[in-house]
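Take a look at the structure set out below.
Since the model is a prediction, treat every value here as computed from it, not as a measurement. Note that the numbering runs from 1 along the sequence shown for the chain.
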Amino acid sequence: MKLLREVPLGTRVVVRHRIEGGFTDALGNLVARDDVSCTIETRRGPVVVAFDAVALAKPVPPPPVRKPGGGPPPAL
């Protein structure tokens, strides 16, 4: 996948890749790559994806900033 070979490390990406039984997505920062795979640091930990398993990949914007006090609104 050309995009994953060229974007700078640290870029936030989403990568759809083949797994046994279908596809899955990895969303996070691109932290490493070599000739055959790349590593995406997700919230659940690093995910190593072989380039030949990639179906789609694109850069994505940073996650939205969460506002404090995210509970339900107070009763009137």
Side-chain angles (χ1 to χ4, degrees):
M1 169 66 41
K2 184 177 178 180
L3 176 114
L4 294 173
R5 295 178 194 269
E6 294 179 354
V7 297
L9 294 179
T11 301
R12 189 165 187 254
V13 294
V14 61
V15 178
R16 177 159 294 166
H17 57 101
R18 286 181 286 286
I19 59 169
E20 187 176 326
F23 292 89
T24 191
D25 293 334
L27 171 65
N29 292 329
L30 180 65
V31 293
R33 67 178 153 230
D34 57 27
D35 292 337
V36 296
S37 66
C38 65
T39 303
I40 295 105
E41 184 65 43
T42 71
R43 286 195 288 176
R44 294 184 177 178
V47 175
V48 178
V49 178
F51 289 131
D52 62 1
V54 174
L56 299 166
K58 67 178 184 177
V60 293
V65 177
R66 294 183 182 220
K67 296 180 182 177
L76 296 177

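Shortest non-hydrogen contact noted between Asp35 and Arg5 is O-NH1, 3.2 Å. Across Leu3 and Pro59, no two heavy atoms sit closer than the pair CD1-CD, 3.7 Å. Closest of all the heavy-atom pairs between Leu30 and Pro8 is CD2-O, 4.3 Å.
Atom CZ of Arg33 sits about 4.5 Å away from atom CG of Leu9, to the nearest 0.5 Å.
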For residues 15-26, please give each side-chain donor-acceptor pair under 3.5 Å, one per line with the distance, not counting sequence neighbours.
| from | atom 1 | to | atom 2 | distance (Å) |
| --- | --- | --- | --- | --- |
| Arg16 | NE | Asp25 | OD1 | 2.8 |
| Arg16 | NH2 | Asp25 | OD1 | 3.4 |
| Arg16 | NH2 | Asp25 | OD2 | 2.9 |
| Arg18 | NH2 | Asp52 | O | 2.6 |

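Hydrophobic clustering keeps Leu27 apart from Leu4 (ILVMFWY residues linked when any side-chain heavy atoms are closer than 4.5 Å, directly or through intermediates).
Residue pairs that meet the side-chain hydrogen bond (donor to acceptor under 3.5 Å, both in side chains) test with at least one member in residues 36-45, sequence neighbours left out, are Asp34-Ser37.
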